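The block underneath contains the structure these notes are about, expressed in structure tokens.
Residues take their numbers from the sequence shown, with the count starting at 1. Computed from a predicted model, the values in this text were never measured in an experiment.
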Amino acid sequence: MKSTQQFTAIIEREGDGYVSLCPELDIASQGDNIEAARQNLIEALELFFETADSSEVQNRLHSALSTNPTQPEVANVLHSVYAQSSQ
């Protein structure tokens, strides 16, 4: 069975491009425009979930929750990024 989870994407202009960050997992990417930065972040997250050990995923998620439990909502949200098969 697959489950889907939403993560925050913070996308900011930096120089001539855009930097994208998923603060819950501390994963970042970049692109020439907002959509490219968003798509590149989705790809980086997918690669992370394909290769990371489940304990690494949990450590990053727990770390993000414990360091900032009242993190404000951000306008840009990634949808349907995380799909992991139950084991």
Test your reading of the model: is there a side-chain donor-acceptor pair from Asn40 to the backbone of Gln30, 3.5 Å cut-off?
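Yes: the side chain of Asn40 pairs with the backbone of Gln30.
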N/O donor-acceptor pair under 3.5 Å between Ser20 side chain and Ile11 backbone
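Not confirmed, Ser20 side chain does not pair with Ile11 backbone.
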Nearest non-hydrogen partners of Ala44 and Ala28, listed with the distance:
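In this case the closest contact between Ala44 and Ala28 is CB-O, 4.5 Å.
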Taking the side chain as everything from C-beta on, heavy atoms only, tell me whether [X] gets closer than 4.5 Å to [Y].
| X | Y | result |
| --- | --- | --- |
| Arg60 | Ile27 | yes |
| Cys22 | Leu45 | yes |
| Ile42 | Phe7 | no |
| Leu25 | Phe48 | yes |

Could you state the interatomic distance from [atom1] ([X]) to [atom2] ([Y]), rounded to the nearest 0.5 Å?
| X | Y | atom1 | atom2 | result |
| --- | --- | --- | --- | --- |
| Glu46 | Leu41 | CD | CG | 10.0 Å |
| Ile34 | Glu12 | CD1 | CD | 11.0 Å |
| Phe49 | Glu56 | CZ | CD | 10.5 Å |
| Asp26 | Leu61 | CG | CG | 11.5 Å |

Using a distance-only test with no angle check, is there a side-chain donor-acceptor pair under 3.5 angstrom linking Glu24 and Thr8?
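Yes, a side-chain donor-acceptor pair sits under 3.5 Å.
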With no hydrogens and no angle check, do the side chains of Glu43 and Gln39 hold a donor and an acceptor under 3.5 Å apart?
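The criterion, which ignores hydrogens and geometry beyond distance, is not satisfied for Gln39 and Glu43.
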Looking at Asn33, I'd like to know if its CG atom is crowded, meaning that more than 12 non-hydrogen atoms belonging to other residues, nucleotides or ligands lie closer than 6.0 Å.
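Yes.
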